[in-house]
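Notes to accompany the following structure.
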Amino acid sequence: MSDEKTVAAPRSLAEALRGRDDASLAALLRSRPDLITPVPTDLTQLATRAGTRASVVRALERLDRFALQTAEALAVAGDPATYGELLGLTAGDARDPVVAAALPRALATLREQALVWGGDDRLRLVRTARELLAPSPQHPSPTGLGPTVREATSGMSPGRIQEIVTTAGLPSTHDPVSAVDALTALFTDRARMAELLAGAPADSLDVLGRLVWGPPYGQVAPDPAPRLRWLLDRGLLLPTAPGTVVLPREVALHLREGRAHRAPEPVPPAVEPAATHRPQVVDATAAGQAYTALATVEELLKDWDEGGPSVLRAGGLSVRDLKRTAVALDVSEPVAAFWVELAYAAGLLASDGEADERYAATPAYDEWLERPPAERWARLAEAWLTATRTPGLVGGRDAKDRALSALGPGLDRSAAPEVRHRVLTLLAGLPEGGAPSAGSVLARLRWERPLRGPQRTPDEEDPRGRLARWTLSEAELLGVTGRGALSAHGRALLGPRPSATAAAAPGAGAKARSRTSAALTGPEGAGDKLPVHKHHRPAEAPLPETGPRSQPQSQLQPDVQPAPLSPSEQAVASAAAARLLAPLLPEPLDHVLLQADLTAVAPGPLRRPLADTLGVLADVESKGGATVYRFTPGSVRRALDAGHTASDLHAFLAAHSRTPVPQPLAYLIDDVARRHGHLRVGAASAYVRCDDDALLNEILADKRSAGLRLRRLAPTVLATQADPATLLEGLRAMGYAPAAESAEGDVLIARADSHRTPPRTAPEPVPEGPPVPDATLLAAAIRAIRAGDLASTAPRKPAAAQSAAGELPRTGPAETLATMQAAVLTGEALWIGYVNAEGAASQRVIAPIRVEGGFVTAYDHTADEVRTYPLHRVTGVAELADDQG
């Protein structure tokens with residue numbers, strides 16, 4: 001034994017927290033951020049908050065499967081339990097070495113999160129957690145265990161208990177308590193139980209076999225069969241209600257060889273590559289898809305440039321408009337919903353807020369277009385990684401059976417960013433080029449968070465699993481992955497911190513780190529270490545060498561899951577990803593290849609001025625590695641309407657074509673230009689004027705003009721009740737090329753007006769509970785909690801100790817003033833009660849420096865600073881014990 005002074009075992013969770021150092025408290029508050037909102041006044045309040053049902057449920061939901069199994073085992077163990085008892089429940093009588101090696105890590109997790117406290121000889125599960133996890137008829141335990149013998153016999157008559165004890169071969173006792181103890185001792189003695197069951201009928205053993213792994217309850221008839229009667233007479237089955245029996249927990253544990261769970265899962269399932277590709281192929285594939293993503297978003301917003309679809313009354317995009325968008329983008333409707341939601345999450349798309357509300361591009365879209373392609377992609381990828389909106393839900397139904405529409409309400413899932421980050425982290429832990437199967441990723445996520453979104457039916461996938469599947473497909477669409485493997489720029493998105501898997505397995509992911517280290521020049525995340533407080537006590541008594549901490553754990557530790565990056569860190573990571581992607585994207589071209597069939601082939605992406613002008617002059621016929629444009633009379637007329645002349649178009653094509661301008665294309669431009677503007681349309685409601693009256697006669701004689709209801713006003717003028725736009729479209733449909741003119745008779749240039757919304761910000765992600773506090777907040781909170789705890793636990797002199805625990809000291813104004821003035825002279829610290837301007841009462845430990853003008857200036861130990869307090873707000877004052885002055 002060590003010669004060091006033995007530290008008394010904590011008697012409560014508050015005492016256990018009081019024995020922690022600052023680093024341990026910081027780990028608790030980081031893993032359970034709800035405990036710090038608002039900051040507790042002292043450690044007692046922190047312990048109380050840590051034991052509330054809502055906080056415990058949240059903490060249990062964040063446990064991995066084996067840590068949860070460990071907590072479930074403690075819930076069926078004695079209170080308190082020893083480490084050996086817990087080891088037996090998890091590793092069984094055979095002491096499975098893998099489980100035994102993993103148990104210290106699981107127990108340390110439960111201790112860190114304040115779900116378990118006490119030394120290894122007195123382990124206690126927080127009472128709320130025990131209530132949630134312990135078996136009961138209303139809430140069966142995942143262990144499948146039932147009540148103990150003592151619990152099951154609590155309502156049984158003493159005579160019946162004595163009959164069971166006698167039939168089981170035990171001597172009768174004088175009271176039911178000792179009888180239950182004797183029966184419990186029999187069922188927990190492996191040798192005696194084996195001897196008892198050796199004489200059991202085979203049919204009776206079959207009954208036990210059906211109940212052993214749960215559920216432990218069964219139905220019996222009023223006159224039980226002999227195989228059941230044999231078990232009931234010996235207490236191996238105990239009645240709980242008329243017609244219902246239960247297998248006692250001690251009997252089940254004997255039949256299970258001591259294990260609380262049928263299949264302990266101490267080691268997380270491995271995520272292994274199902275296919276391996278060369279990293280260069282992965283990066284090139286991902287870069288190609290990244291370029292396609294940029295082109296798709298541009299095409300979407302260009303299609304909505306003059307005002308997109310209307311906003312539904314309930315918000316969102318109608319099913320019909322989503323179908324139209326999918327056809328325009330040549331993708332499926334779910335993929336179209338993804339692109340629409342991605343543009344919205346990036347702040348490039350919003351509703352215009354007009355009376356006839358429509359969707360349109362935002363001013364940020366024009367700024368986005370001016371950036372280099374790699375930076376544009378990085379903005380999309382960052383928005384996707386951090387967004388809580390989930391496009392995969394589009395087309396489903398909400399809890400009220402309402403349809404979920406793209407851009408509509410109800411698509412936020414607060415767990416989405418965490419799942420996306422975790423899936424990419426698992427991919428980053430594989431060797432470069434490794435593409436895992438979706439099943440292995442889902443199995444790993446289920447192990448890491450078994451309580452998050454449990455399955456409702458055997459065939460229904462849990463919500464986190466659905467998010468993970470969508471993440472894998474969306475990452476491929478966006479170009480974060482290529483051929484299912486994480487690309488180099490995808491790794492950079494996760495930040496400079498290496499994945500835990502790569503850190504645990506030497507060599508795995510080392511190349512990825514070397515490839516990205518040059519680009520990752522941003523600051524590292526905020527450090528987790530905090531200065532040790534001067535009032536800290538030792539955490540716990542030293543453990544013996546044979547205790548759990550001496551077990552080997554190296555290869556059994558699951559990945560340490562890094563939290564998603566802060567906004568500033570994510571911005572640095574996104575910039576690094578853009579630098580890695582930039583060399584892989586194709587350089588924009590400044591030329592096309594004109595062909596004699598009135599088409600132009602763009603062998604790659606075009607520079608923006610060329611692409612914009614060509615998009616007006618020709619129609620896109622096909623897309624892919626090369627884009628094919630087709631020139632038609634309508635497309636040429638569109639360019640002329642936009643203000644270009646025939647000579648402008650000839651010069652443009654000659655300057656940007658690597659092949660001579662084909663004669664048919666030149667003829668087409670000249671022919672349309674010759675007829676363009678020959679007719680003039682104005683407002684009468686609308687009129688047509690032309691110097692050639694024969695042409696007007698031809699229009700009037702054409703049956704297709706009947707719907708326009710034209711009439712002659714003069715030899716060179718026709719008028720109609722239709723509006724100018726309708727008249728223009730009607731004449732163009734008849735094959736003419738009219739031009740619109742103003743009231744002054746000038747030709748109107750019909751450039752497409754870009755409809756923009758007012759400045760809009762991207763939608764804010766919906767957080768999943770309180771945010772994880774940073775190091776600065778943690779340090780300040782821990783200092784405040786320590787100071788408040790010092791004030792609440794500082795020993796008082798006998799006069800002060802007479803007040804009830806938690807009450808503020810009460811003294812009269814004269815006594816308060818005299819005590820303050822005396823403390824100024826002696827330099828002693830005082831305990832005061834103080835009520836602030838809002839009426840909130842608190843206890844403080846102060847060292848008065850000066851008392852004058854109705855105020856006391858003192859060093860406040862609680863706040864760790866000098867403060868001034870009005871004396872009329874001090875409820876009372878008391879001196880501290882001499883050893884705490």
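Just so it is clear, the structure is predicted and the values come from calculations on it, not from any experiment. Residues: numbered from 1 along the sequence shown.
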*asked:* Treating Thr90 as the side-chain partner and Leu86 as the backbone partner, does any N or O pair qualify as donor plus acceptor under 3.5 Å?
replied: yes
*Just by distance, do the side chain of Ser154 and the backbone of Arg150 share a donor-acceptor pair under 3.5 Å?*
no
*asked:* The test is side-chain hydrogen bond (donor to acceptor under 3.5 Å, both in side chains); show your working for Ser24 and Arg111 and say whether it passes.
replied: CA-CA 10 Å; Ser24 179; Arg111 275 193 171 118; over 6 Å; no
_If we ignore hydrogens and angles and just use 3.5 Å, is the side chain of Arg130 paired with the main-chain N or O of Ala75 as donor and acceptor?_
yes
*Is there a donor-acceptor pair closer than 3.5 Å between any side-chain N or O of Thr128 and the backbone N or O of Gly51?*
yes
*Yes or no on side chain to side chain contact (heavy atoms under 4.5 Å, CB included) for Arg262 and Thr143, after CA distance, side-chain angles and deciding distance?*
CA-CA 8 Å; Arg262 187 169 196 167; Thr143 61; over 6 Å; no
*Of all the heavy-atom pairs spanning Pro10 and Trp117, show the shortest one and how long it is.*
O-CZ3, 3.4 Å
_Basic-acidic side-chain contact under 4.0 Å: Arg422, Glu418_ = no
*For the pair Arg58 (side chain) and Arg32 (backbone), establish whether a donor and an acceptor sit closer than 3.5 Å, ignoring hydrogens and angles.*
no
_Applying side-chain hydrogen bond (donor to acceptor under 3.5 Å, both in side chains) to Glu250 and Thr184, what does each step give before you reach the verdict?_
CA-CA 7 Å; Glu250 294 85 352; Thr184 301; 4.5 Å; no
_Any side-chain heavy-atom pair of Leu133 and Leu60 under 4.5 Å_ = yes
*Non-hydrogen atoms of Leu110 and Ala71 that approach each other most closely*: CD1-N, 3.8 Å
*Mind checking whether Asp79 and Leu125 have side chains closer than 4.5 Å, heavy atoms only?*
no
*Working to the nearest 0.5 Å, report the span between OG1 of Thr70 and CG of Leu89.*
10.5 Å
*Roughly how far, to the nearest 0.5 Å, is CH2 of Trp213 from CG of Leu145?*
8.5 Å
*Reported CG-to-CD1 distance for the pair Leu17 and Ile785, which is rounded to 0.5 angstrom*: 9.5 Å
*asked:* If you apply the rule side-chain hydrogen bond (donor to acceptor under 3.5 Å, both in side chains), what do you find for Asp175 with Ser178, and how did you get there?
replied: CA-CA 6 Å; Asp175 60 273; Ser178 58; 3.1 Å; yes
*May I ask you to test the Trp230-Leu236 pair for a side-chain heavy-atom distance under 4.5 Å?*
yes
_Before you tell me yes or no, could you show the steps for Leu778 and Ile36 under side chain to side chain contact (heavy atoms under 4.5 Å, CB included), namely the whole-Å CA-CA distance, both residues' side-chain angles and the distance that decides it to 0.1 Å?_
CA-CA 9 Å; Leu778 283 175; Ile36 204 175; 4.2 Å; yes
_Nearest non-hydrogen partners of Ala73 and His261, listed with the distance_ = N-CE1, 4.2 Å
_I'd like to check Ser55 versus Asp34 (side-chain heavy atoms, cut-off strictly below 4.5 Å). Are they in contact?_
yes
*Using a 4.5 Å cut-off on heavy atoms from C-beta on, say whether the side chain of Pro33 contacts that of Pro773.*
yes
*Looking only at non-hydrogen atoms, find the nearest pair between Val246 and Pro147 and report the distance.*
CG2-CD, 3.5 Å
*Answer whether the closest heavy-atom distance between the side chains of Leu237 and Val251 falls below 4.5 Å.*
no
*Answer yes when Arg210 and Asp206 have at least one side-chain N-carboxylate O distance shorter than 4.0 Å, and no when they do not.*
no
*Give, for atom CG of Leu87 and atom CG of Asp120, the distance between the pair rounded to the nearest 0.5 Å.*
11.0 Å
*Should we count CD of Glu131 as having more than 12 external heavy atoms under 6.0 Å?*
yes
*Inspect the surroundings of CZ in Arg95 and state if more than 12 heavy atoms from other residues, nucleotides or ligands are less than 6.0 Å away.*
yes
_Polar side-chain atom of Gln113 near backbone of Leu28 as donor-acceptor pair, under 3.5 Å_ = no
*Are Arg160 and Glu163 close enough for a salt bridge, meaning some N to O gap below 4.0 Å?*
yes
*Begin from the C-alpha positions of Leu186 and Arg234 and carry the test side chain to side chain contact (heavy atoms under 4.5 Å, CB included) through to its verdict.*
CA-CA 11 Å; Leu186 169 64; Arg234 289 157 180 79; over 6 Å; no
*If you take all heavy atoms of Leu63 and Leu115, which pair is closest and at what distance?*
CD1-CD1, 3.9 Å
*Take Val126 and Val116 through the test side chain to side chain contact (heavy atoms under 4.5 Å, CB included) and record every step on the way to the result.*
CA-CA 6 Å; Val126 172; Val116 170; over 6 Å; no
_Taking Asp64 first and then Arg449, would you say they form a salt bridge - that is, a charged N and a carboxylate O separated by under 4.0 Å?_
no
*Ignoring hydrogens and geometry, is there a side-chain-to-backbone donor-acceptor pair from Arg256 to Val212 under 3.5 Å?*
yes
_Glu61 CD to Leu68 CG distance, which is reported to the nearest 0.5 Å_ = 10.5 Å
*Report yes if some heavy atom in the side chain of Leu25 is under 4.5 Å from a heavy atom in the side chain of Leu46; otherwise report no.*
yes
*Which heavy atom in Arg190 sits nearest to a heavy atom in Gly258, and how many Å separate them?*
NH2-CA, 3.5 Å
*Could you state the interatomic distance from CG (Leu442) to CZ (Arg464), rounded to the nearest 0.5 Å?*
10.5 Å
_When you compare the side chain of Tyr217 with that of Val245, does any pair of heavy atoms fall below 4.5 Å?_
no
_Arg20 side chain vs Ala16 backbone, donor-acceptor pair below 3.5 Å_ = no
*Going by atom types only, do Thr82 and Arg122 share a side-chain donor-acceptor pair under 3.5 Å?*
no
*Answer yes or no: is there a donor N or O on one side and an acceptor on the other, between the side chain of Trp447 and the main chain of Glu265, under 3.5 Å?*
yes
*Ion pair present between Arg786 and Asp22, side-chain N to carboxylate O less than 4.0 angstrom?*
yes
*Using only heavy-atom distances, determine whether the side chains of Arg65 and Gln69 contain a donor-acceptor pair under 3.5 Å.*
no
*Is it true that Arg249 and Glu151 have a side-chain N and a carboxylate O under 4.0 angstrom from each other?*
yes
